[in-house]
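The block underneath contains the structure these notes are about, expressed in structure tokens.
Numbered from 1 within each chain, the chains take letters A, B, ... in sequence-line order.
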Amino acid sequence: MVNISLPDGRHREYQEGTSLLQIAEDISPKLAKNAVAAVFNDKVTDLTTLVYKDGKVQFLDFDHEKARNVYRHSSSHVMAQAVKRLWPETKFAIGPAIDKGFYYDFDTDHTFTPDDFALIEKEMNSIIKSDYPIVRRELSKEEAIQFFADRKEDYKVELIRDLPDDAIISVYQQGEFVDLCAGPHLPSTGKVKAIKLMSLAGAYWRGDENKKMLQRIYATSFPKQVMLDDYLHKLEEARKRDHRKLGKELGLFVLLDEGPGFPFFLPKGMVIRNELENFWRQAHQQAGYQEIRTPIILNRELWEQSGHWDHYKDNMYFTKIDDQDFAVKPMNCPGGILVYKQNLHSYREFPLRTCEMGLVHRHEMSGVLHGLMRVRAFTQDDAHIFMLPEQIIAEIKGVMELVDLFYKQFGFTYHVELSTQPEKSMGTKEVWDAATDALKEALEGQGMAYKINAGDGAFYGPKIDFHLQDSLDRTWQCGTIQLDFQMPEKFDLTYIGEDGEKHRPVMIHRVIYGSMERFIGIITEHFGGAFPAWLAPVQVRVLPITEKQHEYAAQVMDNLKAAGIRAESDPRSEKIGYKIREGQLQKIPYLLILGDKEVQSGTVAVRHRKEGDLGQQGLEAFSAMVSAEIKDKVIR
RNA sequence: GCCGAUGUGGCUCAGAGGCAGAGCAGCUGAUUCGUAAUCAGCAGGUCGGCGGUUCGAAUCCGCCCAUCGGCUCCA
């Protein structure tokens, strides 16, 4: 007999060789029904695992991330099996679970099209209906290579060859289909319920662009049809919020064939952009920054000195002026450094904080451009801080507080990642360790939880990245703080210390919005186009019901404009319902409906885009309310 | 850059070898209306670009450009 302990502290005895699934059934049929995988002695494992020793067990349902991955992974095997049945020549690469589903990479002469989806789904459903048991087997490395070589599964053979010689290699079988897989898996194919193939994509074998491009099918699966429907509905909602769609509908910006990756900002988009800049400028003045502006085009020598000419050339644009080589700046730091070098600096000036709305150009590959999120010309809300080594921690804390102030303003939550020394980097390990420790200390001093991205730092120093989460739970990297001991060296930056001697300053590079373009894209999706009043291109629209109220409408307009509110009126001879509809679609925060009643009482009938009809208010009261909402940057 | 798809009035889309269409938006006129679409008329397109096949190409073929979904990369 084996003694099994359960999460609630109870113990049960079972025959040796009892499966975890049987144990679950013994505890409760419902538990067994919902169980996707089990954790036995702290290891996630198949429900079909037979128990031969004492241990503690916990059953995981679909709500657990680990179980969800098992569920999706088994789903990917079902998809692979279906594809193999339909196109027997297909070779398999890998088919993992991912965040919201799974994919499988195939190598086949058949080119998949979305028309194949119905066919594959049908076959998958037939496999699910057959409810094949999913059986684990273990082979030696040699046996496994032989097994997959016989089946001409070249990719699997390559994968196995990379495993250690003494590795025990597991394969999972369902019906006629066998796949190399570490597992764990569902007990049978019938456990998979609602499936949907989502999209097709090319993907390089092992993510290497020099290797063969395979065909990837993305799909997802859920244990209940309603969960799948709900997921698809959310995707649909996300599409409605797509900043490219909203940007067009709300007249914020356009991307044209004439300038791929170079966005045009339209008048309404510029209002948002300017408001973001105003907020930025005011917050930075308060935080002790001095604003500068450096040129977009600078000569070759500068870029050679900074290292960009050698290390960043593929991403840069070049030009010639009077036969001399120049480059369009891909980063602002060399310009900022030149500004620093205009004066002799004393330690008394430190920390010296300079900030710049810096327009940079980077040549991105055509395939990666994406609305405002990934462009070829963008403005960074950059800053370079020069300081003493002993000021690092306090200064980083200061930047983190500023970042927090900014993100809270938009209602974003965020998490932090720390990236450490990459393989290709400048400087000694000691300097890197000191810098990395300084960042850690600053993070810990702020009580900030963080994740480490080993080897993901910039070539000149480690960095902290801020990833903010939007209203659809997607994350975006925006802010970064990079500690740099290298550029000061390359550019021979100095300051005069207390001792009267020259010393080397430390430098921080940092952005908060990241890029104005991307940030505008993100907040457009985050707010679904319904920007808070302080950002809204039009804050109030005045809607006279008939021509009789035009004069009063003009008075109201004058009043609002005098109060500094962005107001416009819609005097067209359309029905009020029509004007309201248009105002709603434009997501204008407030619509003022003006009829005879309002004219007589000298009031305005207020409609809020989300809260609907708010009733009549005095014009002064309304104006004061909106002004306060704008001033306090209220999200409503 | 690579794989796949797409490209038709300002917008959303139909048309799949034989006269370029619809709805919305726009303009003109009528209507003067109370919280998400009033009616009528008018105007608007070298069907992404270049080349080819054909008596005839938006439609078939080739190349290029851009966009979309991914790979890779990143603010």
Side-chain angles (χ1 to χ4, degrees), chain A residues 98 103 105 107 111-116 198-218 239 242 244-245 248-249 251 254-261 314-315 330-332 358 360 362-382 456 458 463 465-466 476-480 482 509-519 521-522 543-550 571-586 591-598 605-609 612-616:
Chain A
I98 51 173
Y103 67 79
D105 285 347
D107 182 7
T111 302
F112 293 116
T113 72
D115 294 338
D116 296 330
M198 304 298 295
S199 64
L200 287 167
Y204 299 105
W205 168 233
R206 303 200 138 178
D208 182 343
E209 62 182 318
N210 299 312
K211 295 207 162 107
K212 181 160 185 180
M213 181 156 275
L214 308 170
Q215 295 186 68
R216 175 173 298 179
I217 301 180
Y218 283 93
R239 262 191 285 275
D242 190 310
R244 292 166 299 188
K245 180 172 146 65
K248 202 180 269 182
E249 288 169 0
V254 273
L255 283 152
L256 302 173
D257 284 2
E258 287 83 349
D314 291 347
N315 282 299
M331 296 186 193
N332 300 301
V360 297
R362 296 184 189 173
H363 176 69
E364 301 291 351
M365 290 193 295
S366 58
V368 305
L369 301 176
H370 177 93
L372 289 182
M373 303 302 196
R374 193 76 186 277
V375 293
R376 285 177 170 152
F378 56 100
T379 301
Q380 294 181 302
D381 60 319
D382 220 337
D456 217 24
K463 60 176 183 173
D465 294 327
F466 295 85
W476 299 94
Q477 194 206 311
C478 288
T480 70
Q482 304 181 349
H509 309 243
R510 51 110 280 200
V511 291
I512 297 178
Y513 288 135
S515 101
M516 298 308 288
E517 288 72 10
R518 174 179 289 182
F519 197 79
I522 292 167
L543 310 180
I545 292 176
T546 72
E547 276 168 12
K548 279 184 288 177
Q549 295 89 28
H550 281 191
R572 293 174 304 171
S573 70
E574 296 289 350
K575 287 167 86 169
I576 194 66
Y578 179 85
K579 294 188 192 184
I580 287 167
R581 177 182 153 82
E582 290 211 332
Q584 287 284 140
L585 290 174
Q586 285 294 304
L591 300 177
L592 297 184
I593 290 94
L594 306 182
D596 284 340
K597 280 186 271 178
E598 286 71 28
V606 182
R607 184 188 165 101
H608 186 265
R609 64 183 166 202
D613 191 350
L614 299 182
Q616 285 189 21

Detail all sub-3.5 Å separations between protein N/O atoms and N/O atoms belonging to nucleotides 44-46 of chain B.
none

Any N/O pairs under 3.5 Å between the protein and nucleotides 37-41 of chain B? List them or say none.
| from | atom 1 | to | atom 2 | distance (Å) |
| --- | --- | --- | --- | --- |
| B:A37 | N9 | A:Arg581 | NE | 3.4 |
| B:A37 | N7 | A:Arg581 | NE | 3.2 |
| B:A37 | N7 | A:Arg581 | NH1 | 3.0 |
| B:A37 | N7 | A:Arg581 | NH2 | 3.4 |
| B:A37 | N6 | A:Arg581 | NH2 | 2.4 |
| B:A37 | N1 | A:Arg581 | NH2 | 3.0 |
| B:U38 | O4 | A:Glu574 | OE1 | 3.4 |

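Judged as a salt bridge (Lys or Arg N to Asp or Glu O under 4.0 Å), and not counting sequence neighbours, A:Asp381 has no contacts. With sequence neighbours excluded, the residues forming a side chain to side chain contact (heavy atoms under 4.5 Å, CB included) with A:Arg376 are A:Pro260, A:Phe262, A:Tyr317, A:His363, A:Glu364, A:Ser366, A:Leu369, listed by chain and number. For A:Asn210, the side chain to side chain contact (heavy atoms under 4.5 Å, CB included) partners two or more places apart in sequence, or in a different chain, are A:Asp208. Scanning for side-chain hydrogen bond (donor to acceptor under 3.5 Å, both in side chains) contacts around A:Thr546 gives A:Gln549, with sequence neighbours left out. In terms of the side-chain hydrogen bond (donor to acceptor under 3.5 Å, both in side chains) criterion, A:Lys597 has no residue partners (sequence neighbours excluded). Partners of A:Trp476 by ring pair (Phe, Tyr, Trp, His ring centres under 6.0 Å), not counting sequence neighbours: none found. Remark: A:Asp257 pairs with no residue by the side-chain hydrogen bond (donor to acceptor under 3.5 Å, both in side chains) rule, at least two apart or across chains. Residues forming a side-chain hydrogen bond (donor to acceptor under 3.5 Å, both in side chains) with A:Thr379 (at least two apart in sequence, or on another chain): A:Arg273. A:Pro571 meets the side chain to side chain contact (heavy atoms under 4.5 Å, CB included) test with A:His550, A:Ser569; sequence neighbours excluded.
Atom name C1', nucleotides B:G48 and B:C65: the rounded distance is 7 Å, in whole Å.
Nucleotide B:A40 is matched to B:U28 when pairs are restricted to Watson-Crick or G-U wobble geometry with both distances under 3.5 angstrom.
Residue A:Arg572 places none of its side-chain N or O atoms closer than 4.0 Å to OP1 or OP2 of B:C33.
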**Q.** Protein-to-nucleotide contact annotation, 5' to 3' order, nucleotides 62-73 of chain B [B base; S sugar-phosphate only; - none; under 4.0 Å, heavy atom]
**A.** ----SSSBBBBB

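To the nearest angstrom, P of B:A36 lies 12 Å from CG of A:Leu543.
Annotation: side chain of A:His509 is not in contact with side chain of A:Lys463 (no heavy-atom distance under 4.5 Å).
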